[in-house]
Amino acid sequence: QVQLVESGGGLVQAGGSLRLSCAASGRTFSSYSMGWFRQAPGKEREFLAVKSWSAGRTYYADSVKGRFTISRDNAKNTMYLQMNSLKPEDTAVYYCAADRLPVPSRRVDEYDYWGQGTQVTVSS
């Protein structure tokens, strides 16, 4: 069992930066692939980035590539999402998720555990 808690969301102006954190409980955090997703009102949950358990594989959505960076510290059971050059269209609830499979996935339905989400609002 893994429990995930996101933090770091807030209100930021366009062009600004935020760093989200995802604290995980559970002894097997290091063996999970960890991903970030977001969901804007009226839209489906959207894949952003994923990093495999060994941190050997990292994938990004085209919409955030070059602006967002995913990282993880297995010793601290924590994952991060550094978000730079934020745009108003980045406004959404951001979720972290854990996948028991070692191969990182972009699919929402392949993730086993989800955090409660943290709101990110980017003003123009």
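One finds the CE atom of Met83 at 8.0 Å from the CH2 atom of Trp36 (value rounded to the nearest 0.5 Å). Atoms CZ and SG, from Arg38 and Cys96 in turn, are 15.5 Å apart once rounded to the nearest 0.5 Å. The line from CG of Asp73 to OG of Ser21 is 10.5 Å long, rounded to the nearest 0.5 Å.
Taking both residues in full, the closest heavy atoms of Arg67 and Ser85 are given as NH1-O, 3.0 Å, listed atom of the first, atom of the second, then distance. Residues Tyr113 and Leu4 come closest through the heavy atom pair O-CD1, 3.6 Å. The two residues Ala92 and Gln39 come nearest to each other via the heavy atoms CB-O, 3.5 Å. For the pair Thr78 and Ala23, the tightest heavy-atom approach, listed with the atom from each and the gap, is OG1-CA, 4.4 Å. Considering every non-hydrogen atom in both Tyr60 and Ala49, the closest pair reads CD2-CB, 3.6 Å. Minimum interatomic distance between Ala98 and Met34 (heavy atoms only, all atoms of both residues): CB-SD, 3.5 Å.
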Worked verdict on Tyr59 versus Phe47 for side-chain contact (heavy atoms from CB on, under 4.5 Å): CA-CA 10 Å; Tyr59 302 130; Phe47 165 79; 4.3 Å; yes
Steps toward side-chain contact (heavy atoms from CB on, under 4.5 Å) verdict (Val50, Thr58): CA-CA 6 Å; Val50 60; Thr58 303; over 6 Å; no
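Here Ser71 pairs with Tyr80 under the side-chain contact (heavy atoms from CB on, under 4.5 Å) rule; sequence neighbours left out.
Ion pairing of Asp90 with Lys87 is absent here, as no side-chain N (NZ or NE/NH1/NH2) approaches a carboxylate O to less than 4.0 Å.
Without hydrogens or angle criteria, Asp112 side chain to Arg100 main chain gives a donor-acceptor distance under 3.5 Å. Formation of a donor-acceptor pair under 3.5 Å by the Thr118 side chain with backbone atoms of Tyr94 is not found in this model. Judged purely by atom type and a 3.5 angstrom limit, Gln13 has no side-chain atom pairing as donor or acceptor with the backbone of Val122.
In this structure the side chain of Gln116 reaches within 4.5 angstrom of the side chain of Glu6, judged on heavy atoms. Put simply, the side chain of Thr69 does not reach to within 4.5 Å of the side chain of Leu81, judged on heavy atoms. Side-chain contact between Glu46 and Ser63 is present, with at least one heavy-atom pair separated by less than 4.5 Å. Side-chain contact between Ile70 and Leu48 is absent, with no heavy atoms from C-beta onward closer than 4.5 Å.
Taking the six-membered ring for Trp and the full ring otherwise, the centers of Phe37 and Tyr111 sit less than 6.0 Å from each other.
Ser105 and Asp99 form no side-chain donor-acceptor contact under 3.5 Å, judged by distance and modelled atom types alone.
Between Trp114 and Tyr95, the ring-plane angle classifies as perpendicular under the 30° and 60° cut-offs.
Annotation: Gln82, atom CD; neighbour count of heavy atoms from other residues, nucleotides and ligands within 6.0 Å is above 12.
Just one of Val93, Leu86, Thr91 meets the side-chain contact (heavy atoms from CB on, under 4.5 Å) condition when paired with Thr121; it is Thr91.
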